[in-house]
Amino acid sequence: MSENVVSLRKNPENPGEDASVTTLTVVPDAPPAPPVPLWVRSGRAIKRIATDERTKTTGRAIVRHSIYTVNGGRIVVRRAWDGRTAARYERMFRAAEAAGNYEVAEEWEERGQRFREARHRRRMDLLHSPLDAAKGVGVGVGMGIGVLVALGVVMAINTHDVTDVITPLKATIDFIATLIRIVQIVWPTALILGSLFALLALWTVGSKQQAAPQWALPANVRSGEGEPITPSIVVKALRDLGIPAMRNAIKEMGDAGASMLGPITIAGCGVEVDVTLPSGVSTNEVQQRRRKLAENLTRHEHEVFITIPQAARTVRLWVADSGALDEPIGPSPLVTDESMTADYSKGKAPWGQDLRGDAAALSLYQRHLLITGLSNQGKTVALRSLALWLALDKSVRFLMGDLKGVGDWNMFDGLADTLIQGPTDEHVIQVTEMVEGAVDEMNHRLMSPPGTQFPPLIVLVDEAQVAFMCPAKDEDKRPYGGSKANSRYFMAVRKIHNQGRAVNVLMWQGTQDPTDQNLPKLVREGAHTRASLALGTESQARMALGDKAVDGGAAPNLLRPGLDRGTLVVASDGIAIPAGQASITVRTHYIDDEGAVAITDRAKALRDGVTTLTVIERGEERDPLADIASVVGDASRVRTKDVLKRLAVLNEDAYGGWSFIDLKRVLDDAGAEPHKSDGVMVVSRDRLTAALANRDGEGSASAAG
């Protein structure tokens with residue numbers, strides 16, 4: 001509540017004037033806040049103390065050392081029990097029998113029987129030992145007393161005092177009484193010290209075995225980074241997976257689960273072991289717990305791979321050395337070996353390394369290819385590496401479409417017959433017409449005489465999802481994209497998948513983030529070689545690789561986006577896959593743009609020269625003779641059927657319906673008639689050049705006249 005105070009004040013310059021009136025408002029201080037209750041302050045203090053890191057560390061230390069002692073006692077009792085009973089022999093016998101090694105089982109059974117017989121003899125001896133001991137004690141005491149009395153007699157004769165006869169006996173009794181008094185005094189202290197030493201011994205055993213929960217161990221022990229993989233660690237990791245049937249089976253096994261494991265072998269930058277699961281445990285239960293298994297093995301999830309070999313109820317674990325998969329692999333042999341060439345039919349492309357560190361090479365012979373993955377994971381580089389190797393076979397021809405258009409395939413200009421780069425609908429239309437031109441070439445080859453050999457034609461489309469999702473339609477209202485029966489790109493790809501392999505017309509596609517919309521089922525299942533980089537979900541992994549590969553352990557969705565860039569999971573019969581597995585993980589070599597240019601320069605040197613078409617024009621007046629010269633390029637001669645095909649690719653509207661007669665008519669009129677070379681009709685570059693020169697000369701003369 002406020003108060004108004006009125007005060008009068010004189011004007012100091014003119015004292016006769018009336019005093020001014022000033023009103024002051026006095027506001028009293030706000031009431032003090034109520035004190036915080038004691039129980040609240042105490043609770044906050046307790047919470048602060050309880051959550052302090054020093055408190056947690058102290059608590060863990062107390063629990064750790066207490067459990068060291070308890071579990072150390074359990075270990076000592078277990079060792080004593082094993083030493084006094086035949087339990088050890090029973091465990092080894094059951095483990096050998098479970099493993100099917102019956103010779104070893106018989107040996108352990110025989111050892112156990114010998115141990116029991118020796119133990120029985122010892123027990124029978126114990127039945128007679130009390131009587132023998134009593135007799136021995138009686139004889140010993142009697143002899144001792146006799147000796148002492150004889151000694152006393154000697155002393156009595158010497159001293160002429162008969163009482164000295166019992167002096168030695170009395171001295172011995174006094175000595176024994178003194179020892180008893182000493183023991184009575186020392187015994188309580190000895191009992192306490194003995195107990196403390198016993199507890200210290202148990203603590204020592206427990207600490208050496210790290211017999212405490214993981215959360216209670218010190219940080220440097222708890223992390224376990226780089227800990228070697230041993231049978232006991234693998235069995236413990238499996239036991240703690242949270243599968244009741246697994247845990248109970250391991251407890252019931254006499255060898256504590258060791259019989260489940262095959263040999264642990266070094267495999268590249270890690271180790272590999274086969275695990276035969278007990279009855280009631282399925283392989284997919286273990287696969288679904290990959291992260292927990294990795295953490296139990298003191299590894300990260302990406303450092304443990306679980307695959308299914310041929311043996312029933314068995315999983316194969318590959319465990320990387322800690323941090324090994326984060327190390328880069330070496331450069332590609334394509335870069336380091338400048339003399340390397342390719343062989344489409346018999347060779348294999350050096351793609352990278354598998355997890356064992358062995359070279360991973362892929363056969364491309366008559367195999368359609370699909371590579372997919374999330375954006376910026378190395379898809380284009382992986383696809384380009386295969387094309388770079390195959391370019392070193394001079395018989396291979398390429399039709400390429402890059403629907404990203406940032407220059408990743410620029411080095412193939414002058415090497416590929418067609419190279420279209422760009423992300424727009426117009427580029428999709430041109431790529432579609434390029435693929436349809438490959439279909440025409442395939443049909444021409446299929447109609448050729450049986451036994452005819454055809455050079456490989458690789459139709460490569462990068463970022464193919466752009467084509468499948470293109471909304472553009474042609475003048476007949478047929479869509480270029482989509483997955484319907486009237487979709488031009490979809491149907492062209494399907495036709496190549498269906499029949500192209502027989503005549504060496506192959507479809508290679510790279511696509512992002514596969515879905516049913518941007519990668520139709522019929523297209524992805526038409527690829528013989530399917531590879532995937534990191535993906536987001538298991539459903540995408542199934543789209544990329546197929547159900548069989550994923551059910552067999554393939555898991556590109558578990559690769560780390562960004563960190564596992566360039567790592568592929570591959571399902572193909574063109575690459576060496578371990579027996580019983582449906583896929584293999586490959587870490588691909590990285591070939592940068594500079595290295596790619598050097599390789600394509602070597603590939604271009606193997607060829608006579610290729611004029612690459614970078615755009616397919618339509619709807620304009622054409623100069624047939626000039627177009628023929630452009631598609632012939634720098635080659636000295638080109639077969640007439642190849643010229644017809646290239647003209648169709650150059651302009652479908654103008655030359656799509658051309659036959660050999662149309663081509664011959666234009667050439668005959670210009671004086672550049674086709675002729676036979678090695679039994680086939682060819683078009684000569686020299687004749688075309690002369691015909692164009694004569695025509696231009698006649699045109700200039702007419703203009704001058």
Side-chain angles (χ1 to χ4, degrees), residues 368-372 399-405 418 420-447 457-503 505-528 530 540 543-544 546 613 615-620 644-659:
H368 302 302
L369 175 67
L370 172 65
I371 298 180
T372 187
L399 302 178
M400 293 184 168
D402 175 18
L403 295 176
K404 181 164 53 179
T418 302
I420 299 170
Q421 301 183 90
T424 66
D425 289 349
E426 178 61 27
H427 292 101
V428 172
I429 293 172
Q430 295 187 30
V431 167
T432 301
E433 293 176 348
M434 176 191 77
V435 179
E436 289 175 338
V439 173
D440 293 338
E441 169 68 12
M442 176 190 72
N443 292 332
H444 173 73
R445 293 184 177 188
L446 290 170
M447 296 175 66
L457 176 62
I458 307 299
V459 186
L460 187 152
V461 180
D462 196 9
E463 305 297 340
Q465 77 279 356
V466 177
F468 285 113
M469 301 184 72
C470 177
K473 296 182 179 181
D474 62 14
E475 61 275 5
D476 297 327
K477 304 300 182 181
R478 293 179 59 198
Y480 287 92
S483 58
K484 295 183 178 179
N486 61 345
S487 168
R488 292 181 60 176
Y489 180 79
F490 171 76
M491 290 306 298
V493 173
R494 285 293 299 145
K495 289 176 181 178
I496 294 177
H497 278 176
N498 289 338
Q499 296 177 295
R501 177 175 177 270
V503 288
V505 177
L506 303 177
M507 191 76 207
W508 291 9
Q509 294 184 99
T511 182
Q512 288 184 17
D513 198 14
T515 65
D516 284 327
Q517 289 71 38
N518 63 26
L519 187 60
K521 180 179 181 181
L522 292 178
V523 170
R524 60 181 185 252
E525 291 185 350
H528 303 99
R530 300 166 71 172
Q540 290 179 329
M543 291 180 186
L613 303 180
V615 66
I616 299 176
E617 300 177 355
R618 64 185 69 81
E620 60 182 0
L644 287 171
K645 185 190 69 64
R646 295 182 186 183
L647 287 172
V649 173
L650 177 65
N651 192 296
E652 177 68 22
D653 295 336
Y655 305 116
W658 270 36
S659 65

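As a basis for the values below, the full set of heavy atoms in this structure was taken, side chains included, without hydrogen atoms, waters or symmetry mates. Everything quoted here is computed from the prediction, not taken from an experiment.
In this structure, the side chain to side chain contact (heavy atoms under 4.5 Å, CB included) partners of Asn498, at least two apart in sequence or on a different chain, are Arg494. Under the salt bridge (charged side-chain N to carboxylate O under 4.0 Å, His left out) criterion, Arg524 pairs with Asp516, not counting sequence neighbours. In this structure, the side chain to side chain contact (heavy atoms under 4.5 Å, CB included) partners of Ser483, at least two apart in sequence or on a different chain, are Phe490, Pro520.
Expressed to the nearest 0.5 Å, how far CG of Leu457 lies from CE of Met507 amounts to 10.5 Å. One finds the CG atom of Asn443 at 7.5 Å from the NZ atom of Lys495 (value rounded to the nearest 0.5 Å). Trp508 CH2 to Ile371 CD1: the interatomic distance, rounded to the nearest 0.5 Å, is 8.5 Å. Rounded to the nearest 0.5 angstrom, Asp476 CG and Arg478 CZ are separated by 7.5 Å. Rounded to the nearest 0.5 angstrom, Asp440 CG and Leu644 CG are separated by 11.5 Å. In this structure, CG in Asn486 is found 13.0 Å from NZ in Lys477, a value given to the nearest 0.5 Å.
Looking at His528 and Arg501, their side chains come closer than 4.5 Å, going by heavy atoms from C-beta outward. Side-chain contact check for Val431 versus Leu403: some heavy-atom pair is nearer than 4.5 Å. Looking only at side-chain heavy atoms (C-beta outward), Val493 and Val461 stay at 4.5 Å or farther from each other. Side chains of Leu399 and Leu460 form no contact here, defined as non-hydrogen atoms less than 4.5 Å apart. Within the 4.5 Å cutoff, side-chain heavy atoms of Val649 are placed close to those of Leu613. Leu446 is listed as a side-chain neighbour of Gln499, based on a closest heavy-atom distance under 4.5 Å. Gln421 places none of its side-chain heavy atoms less than 4.5 Å from the side chain of His427. With contacts defined as side-chain heavy-atom distances shorter than 4.5 Å, the pair Val428/Tyr489 does not qualify.
The two residues Ala485 and Met491 make their nearest non-hydrogen contact at O-CG, 3.1 Å. Taking both residues in full, the closest heavy atoms of His497 and Val523 are given as CE1-O, 3.1 Å, listed atom of the first, atom of the second, then distance. Considering all non-hydrogen atoms of both residues, Gln509 and Ala464 come closest at OE1-CB, 3.5 Å. Across Val466 and Pro423, no two heavy atoms sit closer than the pair CG1-O, 3.9 Å. Taking every heavy atom of both residues into account, Arg488 and Asp474 meet most closely at NH1-OD2, 3.2 Å. Nearest heavy-atom pair across Phe468 and Gln517 is CB-O, 4.1 Å.
Within 6.0 Å of atom NZ in Lys404, more than 12 heavy atoms from other residues, nucleotides or ligands are found, so the atom counts as buried in its surroundings.
Distance alone, capped at 3.5 Å, places no donor-acceptor pair between the Thr432 side chain and the Tyr480 backbone. With hydrogens and angles disregarded, a donor-acceptor distance shorter than 3.5 Å links the side chain of Arg530 to the backbone of Ala544. No donor-acceptor pair closer than 3.5 Å links the side chain of Thr511 to the backbone N or O of Glu463.
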**Chi angles and distances behind the side-chain contact (heavy atoms from CB on, under 4.5 Å) call for Leu519, Met543** = CA-CA 8 Å; Leu519 187 60; Met543 291 180 186; 5.8 Å; no

**Request:** Step by step, work out the side-chain contact (heavy atoms from CB on, under 4.5 Å) result for Gln512 and Thr372.
**Result:** CA-CA 5 Å; Gln512 288 184 17; Thr372 187; 6.0 Å; no

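Under 3.5 Å, the side chains of Asp513 and Gln465 contain no donor-acceptor pair of N or O atoms.
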